[in-house]
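Chain A is the first sequence line, chain B the second, and so forth, proteins listed ahead of strands; every chain is numbered from 1. Hydrogens, waters and symmetry mates play no part in the numbers below; they use all other heavy atoms, side chains included.
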Amino acid sequence: MHVLVKNAFKVNDLLVNIDLMVEKGSLNFLVGENGVGKTSLFTYLKIHRELLQGSKVVFVDQEKLRPLADLSVKEVLALILEEVPGSKNLKECPFCERLQIKSLMDKKVSSLSGGENQKLKIALALLMPFDILFMDEPLQSLDEQSQKKVISILEDLSKDKIVLIIEHDTAKYNRSIGRKNVMKRTTGSVEVTHGRT
Amino acid sequence: MEELDLLRIAMAFLCGGFLTLSGSLTQIVTNNSLGSPSTLGFDALAALSVICSQFIIVVTGEAFALEHVSLGLFLIAFLGLFLVSKIFSRGPHIRVFSLDIKVLILIGLGFNLFVGAIFSIVQFLFMALNFDFPTGLWFGNFKYFDEHTIYVLLFALLILVVYLTKDARQLRLLSLGEKFALGLGIPVAKVQRRALFVSLGLTGVVISFFGVFSFLGLIVPHMLRSLNFFRSNMKRELFIGPIVGGLALAVMDYLCFQFDFRGAEFPAGMVSSVVGAFLLIVLLVKSQAKNFAKD
């Protein structure tokens, strides 16, 4: 078991009490009602990485990838390889093969569908070095077959790495026996507590 | 044909380079290829410094050089904004993970209108009272210059080289989108702030000494990115793009110098406005046609 974040702090007059736990070997989740602040917490941890206790975390959020220049998928992959220390190229990433990114190589990122864009973001994350992969609703925009592929990739990945997923519907994750951190909001405070799936 | 002073060519080149880079930086920060220093009110702030300087010179009756007073006032405003940004960047903010670009653009546009109004009022008063007014402000030119200005420009160039060497990698990753860059551990707010202040500084230096050269910061980066060589690697746009922009402005100024109209030299800023506006329309029409074809 690994304590990812255990901290209490105030943000805009709101007391935030986090006790977020994750473990290797299974998928971990952060769940909570709509509007409770899961994505806001995700964003907050992106900015305040000092709360992550030195862990190398790569975040994959919900927003579409929108490069300023009209880059192709191939050019984005080359950019990551050149600029992110320790990143792999596509050939060295077996999980990326399963996402079928090669078929998108010459397509412009701006012309990708929502699902293709999501697969590209996941592939980019998998190319980078990390201890923990934190994803905000990774199955969004994906068709059923792609969702099954991504779930399978994440389950295999979780054997060696820690995976934490913000998700509403955890039932889709077949063999996901891991930490289910619950986020709740009361008047004046937000709490994240850990439990089991 | 008359020979153009080499110093003038060098200054035009450096200013063109500064404005091009200024445009690239604002477009990266706003993640919008139609972003420019003028959209964010940078041109207006520098122009306001020039107007206020002229006012100070007229009221005090002192024989100060307009560009020196203008640069001084601009630097005071620059430092003030820098301190304000430092104060506002403190403390944890769940929503403000980066600068709120939409708010900045609205402030910039509003500020542009404000300065436009001030310009009109001051111009009217100065003309009514028979005072000199810097009418050349809105159309920059290199016709009148102090040779010592080159030292200021070279100093700015040195700061620029140090800045780009430090931040080019992060800017390249930021060009993929601020949320994506944040997910990679890039300190997005800091990188954006530095980029904006560098852009503001470069714009201010050029306008204080030579006036406004519209559209250069908007059009040149946009056109560079239409070429595969620059598009595939943002670092080329940051390092080589300013050289292209510098050459463009130097050539424009050279042509203005050579082809006058009844002895009156066209300001290079006027040419950049006309050419830039035309190219912007062409780019927008092309982009709309591309989107229409996709649908």
Side-chain angles (χ1 to χ4, degrees), chain A residues 7 9-14 16 37 39-52 55-72 74-76 78-80 82-85 87 108-111 117 120-121 124-125 127-130 133-136 190, chain B residues 23-35 89 91-98 167-190 221-222 224-238 241 287 290-291 293-295:
Chain A
N7 214 306
F9 47 86
K10 254 198 161 181
V11 177
N12 297 342
D13 294 328
L14 192 69
V16 182
T39 299
S40 296
L41 177 63
F42 179 85
T43 305
Y44 191 82
L45 292 176
K46 268 204 260 185
I47 308 164
H48 297 284
R49 284 174 181 254
E50 67 277 6
L51 295 170
L52 298 167
S55 305
K56 218 187 267 180
V57 186
V58 162
F59 293 83
V60 179
D61 61 35
Q62 292 182 36
E63 273 206 18
K64 267 183 128 178
L65 190 68
R66 277 197 184 93
L68 172 64
D70 197 16
L71 298 176
S72 65
K74 198 173 172 178
E75 286 166 338
V76 172
L79 192 163
I80 296 297
E82 286 163 23
E83 303 297 354
V84 179
S87 59
K108 296 286 185 187
V109 174
S110 57
S111 67
N117 198 293
L120 173 61
K121 275 171 28 203
L124 291 173
L127 291 173
M128 292 186 248
F130 58 83
L133 183 62
F134 194 168
M135 310 180 90
D136 190 356
V190 168
Chain B
S24 291
L25 293 174
T26 49
Q27 288 175 13
I28 291 171
V29 168
T30 57
N31 198 243
N32 189 326
S33 56
L34 292 178
S89 70
H93 299 283
I94 227 173
R95 280 166 47 97
V96 185
F97 58 89
S98 62
D167 267 17
R169 176 190 157 263
Q170 291 177 319
L171 287 166
R172 194 179 175 199
L173 288 167
L174 183 58
S175 75
L176 289 176
E178 60 182 25
K179 286 193 175 173
F180 184 80
L182 197 62
L184 299 179
I186 300 294
V188 165
K190 280 187 184 163
H222 196 100
L224 289 173
R225 254 175 260 125
S226 67
L227 302 170
N228 193 47
F229 178 76
F230 291 101
R231 187 186 58 245
S232 59
N233 191 332
M234 182 62 73
K235 279 180 175 171
R236 290 181 196 143
E237 181 185 322
L238 293 171
S287 150
K290 206 167 138 190
N291 289 339
K294 259 194 231 173
D295 296 338

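- To the nearest 0.5 angstrom, A/Leu68 atom CG is 12.0 Å from B/Glu178 atom CD.
- Rounded to the nearest 0.5 angstrom, B/Leu173 CG and A/Glu82 CD are separated by 10.5 Å.
- The heavy-atom pair separating A/Glu75 from B/Ser232 by the smallest distance is OE2-CB, 3.6 Å.
- In this structure, chain B has a heavy atom under 4.5 Å from the side chain of A/Glu63, while its backbone stays farther away.
- Summarising the geometry of A/Ala69 relative to B/Arg225, their closest heavy-atom pair is CB-CD, 3.7 Å, with the distance given to 0.1 Å.
- Distance alone, capped at 3.5 Å, places no donor-acceptor pair between the A/Lys121 side chain and the B/Phe180 backbone.
- Residue contact with chain A, scored on non-hydrogen atoms closer than 4.5 Å, involves the backbone and the side chain of B/Ile28 alike.
- In terms of non-hydrogen atom pairs under 4.5 Å with chain B, the most contact-rich of A/Met128, A/Lys74, A/Lys46, A/Glu83 is A/Glu83.
- Annotation for B/Lys190: atom NZ does not count as buried by contact number, only 12 or fewer foreign heavy atoms lying within 6.0 Å.
- For the pair B/Arg231 and A/Asp70, the minimum side-chain heavy-atom distance is below 4.5 Å.
- The part of B/Asn233 that comes within reach of chain A is its side chain, from C-beta onward, which places non-hydrogen atoms under 4.5 angstrom from that chain.
- With a 4.5 Å cut-off on non-hydrogen atoms, A/Leu124 touches chain B through its side chain but not through its backbone.
- For chain B, the nearby part of A/Val57 is the backbone; its heavy atoms alone come within less than 4.5 Å.
- Counting heavy-atom pairs closer than 4.5 Å to chain B, the top-ranked of the candidates A/Val84, A/Leu71, A/Val76 is A/Leu71.
- Taking the side chain as every heavy atom from C-beta outward, B/Leu176 and A/Val109 never approach each other to under 4.5 Å.
- Taking B/Ser226, B/Gly177, B/Pro221, B/Ser175 one by one and counting their heavy-atom pairs under 4.5 Å with chain A, the maximum is reached by B/Ser175.
- Residues A/Pro85 and B/Arg169 form a side-chain contact, since some pair of their non-hydrogen atoms from C-beta on lies under 4.5 Å apart.
- Counting all heavy atoms, side chain and backbone alike, B/Arg172 lies closest to A/Leu79 at NE-CG, 3.6 Å.
- Both the backbone and the side chain of A/Arg66 come within less than 4.5 Å of a heavy atom in chain B.
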